[in-house]
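First comes the structure, then the notes that go with it.
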Amino acid sequence: MAQTHLPLAPQRGYGETTRKDPWWLPTLGTFIGLSGFIVYMTWAGMQNEHFSYQGYLSPAYSPLLFWTDPEGVTGLAGAERFAYFGPQPSWWPGAIPFLPALLILWAPGGFRITCYYYRGAYYKAFWQSPPNCAVGKPHKTYSGERSFPLIIQNIHRYFMYLAVVFLFILAHDVYLGMWFIDPATGAKSFGIGLGTIVLALNVTFLSAYTLGCHSLRHVIGGFKDRISGAPIRKSLYKGCTGLNKNHMRWAWTSLVWVGFTDFYIRMCSMGVFTDIRII
Amino acid sequence: MSKTVTFRITRGTGEKTELVDYQTEVGEGMVVLDAVHQIQAESAPDLAVRWNCKAGKCGSCSAEVNGMPRLMCMTRLGEINLDEPVTIEPMRTFPLIKDLVTDVSWNYEVKKRIKKMKPRKPDNEDGSWLMDQEDVERPQEFRKCIECFLCQNVCHVLRDHKLHAEFAGPRHFVYAAQLEMNPIDTADRLEDLKGPDGIGYCNITKCCTKVCPEHITITDNAIIPLKERVVDKFYDPIGKLFRVFSSRDS
């Protein structure tokens, strides 16, 4: 059959669309939300003070691999008990500021940056590729995640393995948050404060986000065509799928709560907030 | 509800097109396709529009209503602001034949090149297979596809960059997932998905999922699982090593 080759419609200009809804609103919201979080967490990670209070340790500093000299900074009294490997290593070059948060934040940061949900969100909000569905984009060429640098996104599952380990560490932080020190005697006693609840919610939201990860869903069962054969695998896959359905919601909830948890502990440490003891 | 509404409809062929205003009286319960038919009957008998079932099952009346890819037969006028002109345009990703009709035949060519089902040896002597309902349900979702090609239309890889030669598009990833996840299929499509089908072009903006009239979770249930299978095969050396020692297979 003879075929006529018809031309394709030319590429629309940047932002050009016949959509009449406020399509730019969710894109702008994502831009503001993610930018705000990145700015706050970078600032918090560089403060190197007021990241712990009583048994509470900010998730921005957890796990605390080393503690820095408490005499040199403020708000760190007692922080050494959170450190896994003792004080700041003596071999650390004096010219480089020792920032324990930056030693660990690359792991959860890498997990979020390579997350399938966030990828779609920030490609739209930051790279405008596209600004939103059926809206003209600013780029004339495109290579997607096929070649360098975005092909690196395929590393996501390795960050996911690390993120799962972080959940155990953050759960341990909740346990530590149940022990309060009497400033007069130095004796430890069990209790639950508002900060304990904040930390518990933090690990809960992060678990809902991490355990609904697309890569986790794949490695625990999605790679199989026949899932029904193994009952435990089937249950895990189903649970993961259930969380995955709300992955975006958990991604945002956990993001906001991580920031809030650091803020709450910071404010308690600075004496702005008074932590309420429930038990 | 009875109201005179302006519809701004694409008219023309190929690259010579313009938006033309038509006014018609609309009533309660009408869909966009009803209004287009009414305009055809009243003032534009040569207006080209493809349609068939008027029930959202044939996938023929795909178009862009107020800039969003939609089936005209499933878009109620009650959902749209009728105080402003309603824009109706053809799909931008495919060559325009006339007015609202595009040539979607490229999709059928792409589909032909996807490896067909290659069933494993039958489980029973009568040549049948045994499958658990739960294993059937996963690929079953993809069988809802009506091939309206709205997902192809909204995907910026095709729509903006015209990478038709290097990218199969969401519809065909759904088709590939339907075959890949079938428990009795043994064919391997991962090399094709990574190579000529260009799954790596997808940057997961989920626009395809948003416009699917059958509500298929295209990105989360088809494209990302396929991307993960491609990672298994090509980008995960540790996983590969693990599989050597654990005999993990699909």
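Each chain gets a letter, A, B and so on, in the order the sequences are listed, and its residues count up from 1.
- The two residues B/Asp135 and A/Ile227 have their closest heavy-atom pair at OD1-N, 2.9 Å.
- Closest approach of A/Ala134 and B/Pro69 over heavy atoms only: CB-CD, 4.2 Å.
- Sparse packing is recorded around NZ of B/Lys118, with 12 or fewer heavy atoms of other residues, nucleotides or ligands lying under 6.0 Å away.
- No side-chain heavy atom of B/Asn203 sits under 4.5 Å from any side-chain heavy atom of A/Arg119.
- At a threshold of 4.5 Å between non-hydrogen side-chain atoms, the residues B/Arg138 and A/Tyr237 count as touching.
- Within 6.0 Å of CZ in A/Phe126 there are more than 12 heavy atoms belonging to other residues, nucleotides or ligands.
- Of the listed residues (B/Pro95, B/Gly239, B/Pro183, B/Pro139), the one with the most heavy-atom contacts under 4.5 Å to chain A is B/Pro95.
- For A/Asp21, no part sits under 4.5 Å from any heavy atom of chain B, backbone or side chain.
- Of the atoms belonging to B/Phe234, not a single heavy atom falls under 4.5 Å from chain A.
- Contact annotation for A/Lys20: both backbone and side-chain heavy atoms come within less than 4.5 Å of a heavy atom of chain B.
- For a residue to count as touching a neighbouring chain, one of its non-hydrogen atoms must lie under 4.5 Å from one of that chain's; by this rule A/Ile151 touches chain B with the side chain only.
- Formation of a donor-acceptor pair under 3.5 Å by the B/Asp160 side chain with backbone atoms of A/Gln11 is not found in this model.
- For A/Thr141, the part lying near chain B is the backbone, with the side chain staying farther off; criterion is any non-hydrogen pair under 4.5 Å.
- The part of B/Cys202 that comes within reach of chain A is its backbone (N, CA, C, O), which places non-hydrogen atoms under 4.5 angstrom from that chain.
- A/Thr17 is not listed as a side-chain neighbour of B/Glu64, based on a closest heavy-atom distance of 4.5 Å or more.
- Within the 4.5 angstrom heavy-atom criterion, no atom of A/Tyr117 approaches chain B.
- Residues forming a ring pair (Phe, Tyr, Trp, His ring centres under 6.0 Å) with A/Phe111 (at least two apart in sequence, or on another chain): A/His156, A/Tyr209.
- Put simply, the side chain of A/Cys133 does not reach to within 4.5 Å of the side chain of B/Arg159, judged on heavy atoms.
- The existence of a salt bridge linking B/Glu228 and A/Arg217 is excluded, since no basic side-chain nitrogen approaches an acidic carboxylate oxygen closer than 4.0 Å.
- Ranked by non-hydrogen atom pairs under 4.5 Å with chain B, the options A/Pro130, A/Gly144, A/Ser143 are led by A/Pro130.
- Taking both residues in full, the closest heavy atoms of A/Thr18 and B/Gly67 are given as OG1-CA, 3.2 Å, listed atom of the first, atom of the second, then distance.
- When the candidates B/Met131, B/Arg92, B/Met181, B/Lys227 are compared by the number of heavy-atom contacts under 4.5 Å with chain A, B/Arg92 comes out ahead.
- Most heavy-atom pairs under 4.5 Å with chain A: of the set B/Ile224, B/Val154, B/Ile238, this distinction falls to B/Ile224.
- There is no contact between B/Thr217 and chain A, counting heavy-atom distances below 4.5 Å.
- Taking all atoms of both residues into account, the shortest heavy-atom contact from B/Glu134 to A/Ser228 is OE1-CB, 4.0 Å.
- Taking the charged nitrogens against the carboxylate oxygens, B/Glu166 and A/Arg146 have no contact shorter than 4.0 Å, which rules out a salt bridge.
- For B/Ile184, no part lies near chain A; criterion is any non-hydrogen pair under 4.5 Å.
- For chain B, the nearby part of A/Lys140 is the backbone; its heavy atoms alone come within less than 4.5 Å.
- Interface remark: B/Gln133 contributes no atoms to any contact with chain A (heavy atom separation under 4.5 Å).
- Side-chain contact between A/His218 and B/Val231 is absent, with no heavy-atom pair separated by less than 4.5 Å.
- The shortest distance between side-chain heavy atoms of B/Asn182 and A/Asp225 does not fall below 4.5 Å.
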Using the side-chain contact (heavy atoms from CB on, under 4.5 Å) rule, take B/Asp232 and A/Arg157 through it: C-alpha gap first, then chi angles, then the decisive distance, then the call. CA-CA 10 Å; B/Asp232 269 351; A/Arg157 64 177 59 173; 2.6 Å; yes

Test side-chain contact (heavy atoms from CB on, under 4.5 Å) applied to A/Lys124 and B/Cys207, step by step: CA-CA 11 Å; A/Lys124 277 184 187 167; B/Cys207 293; 4.2 Å; yes

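- Applying the 6.0 Å contact sphere to NZ of B/Lys16 captures no more than 12 heavy atoms from other residues, nucleotides or ligands.
- B/Pro90 does not touch chain A: none of its heavy atoms, backbone or side chain, sits under 4.5 Å away.
- A/Tyr123 OH to B/Ile204 CD1: the interatomic distance, rounded to the nearest 0.5 Å, is 6.0 Å.
- The aromatic rings of B/His156 and A/Tyr142 lie perpendicular to each other, with more than 60° between the two planes, well past the 30° mark.
- At distances below 3.5 Å, not a single donor-acceptor pair connects side-chain atoms of A/Arg226 with backbone N or O atoms of B/Asp132.
- In A/Arg19, the CZ atom is crowded: over 12 heavy atoms of neighbouring residues, nucleotides or ligands sit closer than 6.0 Å.
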